[in-house]
Amino acid sequence: MQITLHSVLRYSNRDYAHITAPANLTAHFHWPTPELEPVIDNPSHETWINGTKRANAVLLMLVRNSELDQAMNSIKELEHRFNKRFGYPWVLLNEVPFTPEFKEKMSSVISGPVTFGRIPHEHWYQPDWIDEEAATAAREKMAADGVIYGGFSYRNMCRFNSGFFYKHPLLQPYKWYWRVEPNVHFHCDVDYDPFLFMQQNNKVYGFTIQLTEWPLTVATLWDAVKGKSLLLQFIKEYPQYLHPRNAMDFLSDDKGESYNMCHFWSNFEIADMDFWRGEAYSKFFDHLESKGGFYYERWGDAPVHSIGAALFARKDQIHFFKDIGYEHEPFQHCPLDAPVYKARNCDCNPPSSFIYGSSCYSRWENMLKS
């Protein structure tokens, strides 16, 4: 993974740091036609292990064979900081079979069960009904406009993470997931179970970083949601799905007339897959899918997940994990509470936490108070 332009652009262009697209580590993936590996039957994992109750949860990573070292670094850190205490299972997904070397080395650093799976062809590749001429023209225009991460693989990945990962056969036994990417860092001990916290407090979505999306990549996404264009008028057609205590004010500064580009950075997610599997989000994703914006534009899974969670859940069901130190270059979140920082053995720098540079953080705080 190469994102060497970040260090230059974030200082030379003030807006760039706020419009970096999410999940960019996989932008250069090349995904040939896959077949599913055999599905392994997993238990519910809602049980007691070494005197510790566990939720029905899984740690999830989308990764290539060539990213072995980066993936091992991420997993080693999360195992050390969290999972050695809890032993949650891992599911690793790829577009091709994982190599024996990958499986052997990865299994050696994971404390609990691990399952390796492949992504179904129809969940990954561009649908046949997409107008390839129009999609190609859109990609070329974005390249001319300097929009990064606009290739086939990135678009496939965004679509997969938006509406298909939770349908994968290996994830069907599970309710909760923690999304982990190669080459990320966990800077503090997590000495409690975030899954049980989410479950016991009726949460559906958890994040660590909020930032703004690049407007050129989602030019009609809000239109697709609000129905101002020729796209289907989703909210008008399905008003019953809009929660009366939603988080619209995080997404919009004018009561939904426009999108302010704020979203939760989805390379870190602790969330309820049953929320994505539910009727409201399923209808929402099908609506977006029908518009082809993952290919005619470059809709990211971060704004899609953020809009879905903000509109269909109660705002207090979305949780900011302020106490989890997390870094995905070039941004990080570091706990600002001194006792928490000390108790969790954090090794990050609180003044570098991205909340100091994010207008979305103040919107989030104001929304919670309203």
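- Glu104 is linked by a salt bridge (charged side-chain N to carboxylate O under 4.0 Å, His left out) to nothing, counting only residues two or more places apart in sequence or in another chain.
- Relative to the six-membered ring of Tyr88, Arg54 meets both conditions, a distance below 6.0 Å and an angle of at most 45° to the axis.
- With respect to Arg277 and Asp274, a salt bridge is recorded, a charged nitrogen being found less than 4.0 Å from a carboxylate O.
- No donor-acceptor pair closer than 3.5 Å links the side chain of Ser162 to the backbone N or O of Val304.
- Shown here is Lys315, whose NZ atom has more than 12 heavy atoms of other residues, nucleotides or ligands within 6.0 Å.
- For Phe321 and His319, the ring centers sit closer than 6.0 Å to each other.
- Taking the six-membered ring where the residue is Trp, Trp222 and Tyr259 present parallel rings, their angle staying beneath 30° rather than reaching 60°.
- Ion pairing between Glu289 and Arg159 holds under the 4.0 Å rule for side-chain N and carboxylate O.
- Ion pair Arg245/Asp316 flagged as a salt bridge, since at least one NZ, NE, NH1 or NH2 atom sits closer than 4.0 Å to an Asp/Glu carboxylate oxygen.
- Salt bridge annotation for Lys141-Glu297: absent, with no cationic side-chain nitrogen under 4.0 angstrom from a carboxylate oxygen.
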Original post:
Are Tyr295 and Asp131 close enough, and set up right, to give a side chain to side chain donor-acceptor pair (under 3.5 Å), and what steps lead you there?
Top reply: CA-CA 9 Å; Tyr295 297 98; Asp131 182 339; over 6 Å; no
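- With hydrogens and angles ignored, the 3.5 Å screen pairs no side-chain donor or acceptor of Asn83 with any backbone N or O of Leu78.
- Listed by first then second residue, pairs satisfying salt bridge (Lys or Arg N to Asp or Glu O under 4.0 Å) with a partner in residues 360-370 read Asp253-Arg363, Lys322-Glu365, not counting sequence neighbours.
- Applying the salt bridge (charged side-chain N to carboxylate O under 4.0 Å, His left out) rule to Asp337 yields no partners; only residues at least two apart in sequence or on another chain are considered.
- Residues that satisfy the ring pair (Phe, Tyr, Trp, His ring centres under 6.0 Å) test with Tyr296, not counting sequence neighbours, are absent from this structure.
- The disulfide bond (SG atoms under 2.5 Å apart) pairs that include a residue from residues 304-339 are Cys334-Cys348, where partners are two or more places apart or lie in different chains.
- Here side chain to side chain donor-acceptor pair (under 3.5 Å) pairs that include residues 338-347, with residues two or more places apart or in two chains, are Arg81-Asp347, His187-Asp347, Asp189-Asn345, Asp191-Arg344, Asp323-Arg344.
- Taking the six-membered ring for Trp, Tyr177 and Phe165 have ring centres closer than 6.0 Å.
- A 4.5 Å side-chain heavy-atom check between Tyr174 and Tyr166 finds every atom pair outside the cut-off.
- Note on Asp301 versus Arg179: salt bridge recorded, some NZ/NE/NH1/NH2 to OD/OE distance being below 4.0 Å.
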